[in-house]
Amino acid sequence: MSIPTFEEIIEPNDQTEARAEHLEKLLELTGNVYPNKFVRTKLTGSDDTISAIKSYQPIADVEARMAAVRAGLKEGERPPAEIKDAINAELKALGNVRIAGRLTTPPRGNFVHLTDGMSKLQIYAKKGQFTLIKNDGKDTPDEENAWTAWQMIDHGDFVGVDGYLFVTNTGEVSVHVEKLQFLAKAMLPMPDKMHGIEDPEIKQRQRYVDLIGSSLQVKAEPPASAGGTNAAGKVSGDDESVSISTSLPPADAGGSALTTREVFERRAKIISSMRRFLEDHGYVEVETPMLTPKATGAAAKPFETHHNALDIKLYARIAPELYLKRLVVGGFEKVYELNRNFRNEGISYKHNPEFTMLEFYCAYMDVNGMMDFCEELLRQSVEKATGGLVAEYEGNQIDFGRFERITMSEAVVRVSEPGAIATGSLPASKKNPVATAPGSDLLDRELLERFESDVEQTLIQPTFIIDFPKSISPLSKADPMNPQIAERFELFINGMEVANGFSELNDPKEQYERFVDQMSERERGDEEAMVLDEDYIRALSYGMPPAAGIGIGIDRLTMLLTNKHSIRDVILFPHTRPEKKDGEARSGGEGESESGD
RNA sequence: GGUCCGAUAGCUCAGUCGGUAGAGCAAAUGGCUUUUAACCAUUGGGUCGAAGGUUCGAGUCCUUCUCGGAUCACCA
């Protein structure tokens, strides 16, 4: 395979040629368009990102005052000069700012906006009133060529400016440029400023362009008051104990869809809020192997690989479950891992080959305690991420303030025609005392199938399905009142399984027998039946306290909280087929087809 | 893997009954220079996903293929 040329990679066109010409000219003027650093000021007391400056209180105040002044003006009328002059004097007294960012607008004219990826700040350059800072290592100022250089700016370039703050006739606080420095050139054209990138393939393969498009996109600024995302980053941990009431508007109510950037900001908030919550409750974060000699702890097909030095087969883990419980054996009473799992199965709107799962265990707790804790965890996380407890998802209002708990058999009966199911064929439960409990695998599987085909998609509001058949729950403890029922739940929201938890089986002998059953299922052709893990049996034999555990699908939860229909919209770089040019053969997999499996 | 939908300028999209390839944004040139999706004028930009077929003539109709999306089956 030949190495592609630079030109083959960037695919020149009239637009890249124009940029290349500008680059050449700028190299003459500045010596270099890729300097090593740019020091921003400390106006706001922290690193002066554009977001930090935009939310800096004195500046926000000025914009509010100008908005009030302009509200009293007629269409097209300019604000009185004396008010503007007074405000501008105040702004100038704050001192010069040094900011850096990417041009969000084409450069024609004196005004452009710079973005730090989140917020925008306008800069204003007037011929003869600023100098060009050469990137010669000495930051030599050049007055003569400053305007020429300004005209070489392209949409998407990174520049740094030094200047004073002022307010325009339209009330926008802007930076009057006094020094201009080029920080990086954009050789490729920017995405459409109104639409961003919409082609799902480019969005996913080239997430960087999608994110650029998202930051360039013109979007109504949230009201300057509180309520919007707190870009200042001054999360004070304490004021959050004043609980946000459920009377807040539902997340994103009536608002436009989140930009790509906002989706991933929100994902980060979900994850960090969960970490904080668990740590506040005494949980310890651990990391267990991603490459494992046995793929077990869940029912799924693994990815296989090979370790050369050891000459052994390894599997990308399908779940950290058995490792985490080994740690409970070892004395970690509360332990969690928030990381990736890998399953070599289909891809769909809710399945990606690698997905993020939060898994945690708590000693001395049972399945009911775990459901309570899970509710609390989700509630606080939803509030932190969206500002409310009600998330709008594809037209449904999902209320995280209320979780229902119903048994699997009850759920099946509910959606079935009266009399269609003889209650005797369903496992009994506390809530279903009339049912007898045959508990044979066949009936259990039938129940599960009916549940999956008829019930799952009807579970829109958060619902814990409880009382799973034991035969399909090889790692769960049985209900002490009913040996055919496992103390296990799955949480469903909008028809998707979001969490799965149970009272952990800690009797080594029984666990061994359950594995043996699974192995015989495997021999009968069930590829996903669980694999016996001898070392895990040995670990349990040292004694594991009673414990409950849970796995929460972070990607799916993020879908729900960002109103995204596809899991690929909440994963930065989801799996895609290898990129392929027209006419090329499918990249050489012939020799290693999967026909063997 | 099955079914359905899609691929046209750098981006977002029109393209009627088969008859010269279009718009907005982006780009270039000039003007303007406190604009708010800046504006005005001019210009350049296309292997219409690929290959084949029907036809005097194909972006448009047919076949095959590639890629993508939705959906069903499997799966969290």
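These numbers were taken from a predicted model, which means no experiment stands behind them.
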Mind calculating the distance between [atom1] ([X]) and [atom2] ([N]) to the nearest angstrom?
X: D85(A); N: U34(B); atom1: CG; atom2: C1'; result: 13 Å
X: E21(A); N: G44(B); atom1: CD; atom2: C1'; result: 13 Å
X: H176(A); N: U33(B); atom1: NE2; atom2: C1'; result: 12 Å
X: L216(A); N: G10(B); atom1: CG; atom2: P; result: 19 Å
X: D199(A); N: U12(B); atom1: CG; atom2: P; result: 6 Å
X: R78(A); N: U33(B); atom1: CZ; atom2: P; result: 12 Å
X: K84(A); N: U35(B); atom1: NZ; atom2: C1'; result: 12 Å
X: I202(A); N: G69(B); atom1: CD1; atom2: C1'; result: 14 Å

Problem - D533(A)-T296(A) side chain donor-acceptor pair, cut-off 3.5 Å - result: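 There is no such pair between these side chains.
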Measuring only the [atom1] atom in each nucleotide, how far is [N] from [M]? A whole number of Å is fine.
N: U66(B); M: A27(B); atom1: P; value: 38 Å
N: A58(B); M: A21(B); atom1: C1'; value: 13 Å
N: C13(B); M: C56(B); atom1: P; value: 37 Å
N: U54(B); M: G15(B); atom1: C1'; value: 22 Å
N: U35(B); M: G45(B); atom1: C1'; value: 28 Å
N: A37(B); M: U42(B); atom1: C1'; value: 22 Å
N: C39(B); M: U34(B); atom1: C1'; value: 14 Å
N: G44(B); M: G57(B); atom1: C1'; value: 29 Å

Exercise for the section: Evaluate the side chain to side chain donor-acceptor pair (under 3.5 Å) criterion for residues E337(A) and T288(A): first the C-alpha distance (whole Å), next the side-chain angles of each, then the deciding distance (0.1 Å), finally the verdict. Expected result: CA-CA 8 Å; E337(A) 179 159 9; T288(A) 64; 2.6 Å; yes
When you compare the protein's N or O atoms with those of nucleotides 7-9 of chain B, which come within less than 3.5 Å of each other, and at what distance?
none

Practice task
Look at atom CD of E452(A) and say whether more than 12 heavy atoms of other residues, nucleotides or ligands are closer to it than 6.0 Å.
Solution key: yes
Problem - Neighbour count above 12 (heavy atom, 6.0 Å) for E143(A) CD - result: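 No.
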Practice task
Would you give a per-nucleotide map of nucleotides 23-31 of chain B, 5' to 3', where B means the base has a protein non-hydrogen atom under 4.0 Å away, S means only the sugar-phosphate does, and - means neither?
Solution key: -BBBSS--B
Who are the salt bridge (charged side-chain N to carboxylate O under 4.0 Å, His left out) partners of [X], not counting sequence neighbours?
X: R568(A); value: none
X: D555(A); value: R267(A)
X: K84(A); value: none
X: E490(A); value: R488(A)

Please determine, for the side chain of [X], which listed nucleotide ([options]) has the closest atom?
X: N169(A); options: C11(B), G10(B), U35(B); answer: U35(B)
X: N13(A); options: U35(B), G10(B), G68(B); answer: G10(B)
X: R205(A); options: C67(B), U33(B), U34(B); answer: C67(B)

Indicate, with a heavy-atom threshold strictly under 4.0 Å, whether [X] touches base, sugar-phosphate, or nothing.
X: A319(A); answer: nothing
X: N352(A); answer: base
X: D555(A); answer: nothing
X: E490(A); answer: nothing
X: G553(A); answer: nothing

Please list, chain by chain and in numerical order, all residues satisfying side chain to side chain contact (heavy atoms under 4.5 Å, CB included) with [X], sequence neighbours excluded.
X: F303(A); result: A316(A), F342(A), N344(A), P353(A)
X: E523(A); result: none
X: A529(A); result: Q518(A), E521(A), R522(A), D526(A)
X: A184(A); result: Y34(A), F158(A)

Which protein N or O atoms sit under 3.5 Å from an N or O of nucleotides 70-74 of chain B?
from	atom 1	to	atom 2	distance (Å)
U71(B)	OP1	H565(A)	NE2	2.7

Exercise for the section: Enumerate, in order of first residue number, the stems that involve RNA chain B, defined as 3 or more consecutive Watson-Crick or G-U wobble pairs with both distances under 3.5 Å. Expected result: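 Stems (3+ consecutive pairs) listed as B:1-7 with B:66-72, B:10-13 with B:22-25, B:27-31 with B:39-43, B:49-53 with B:61-65.
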Exercise for the section: Decide, yes or no, whether a salt bridge links K325(A) with E321(A) under the criterion of side-chain N to carboxylate O below 4.0 Å. Expected result: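 So K325(A) pairs with E321(A) through a salt bridge.
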Exercise for the section: Please find out if less than 6.0 Å separates the ring center of Y124(A) from that of F166(A). Expected result: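 Close enough - the centres of the two rings lie under 6.0 Å apart.
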Exercise for the section: Would you confirm whether the ring centroid of F403(A) sits within less than 6.0 angstrom of the ring centroid of F489(A)? Expected result: no
Problem - Expected output: side-chain S174(A) to main-chain E172(A) donor-acceptor under 3.5 Å - result: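 Such a contact is found between S174(A) side chain and E172(A) backbone.
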Problem - Whichever of E172(A) and Q204(A) has its nearest RNA chain B nucleotide further upstream toward 5' - result: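 Here E172(A) is the residue nearer the 5' end.
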Handout entry: Residue whose nearest RNA chain B nucleotide is more 5′ - G196(A) or K126(A)
Key =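 Of the two residues, G196(A) wins.
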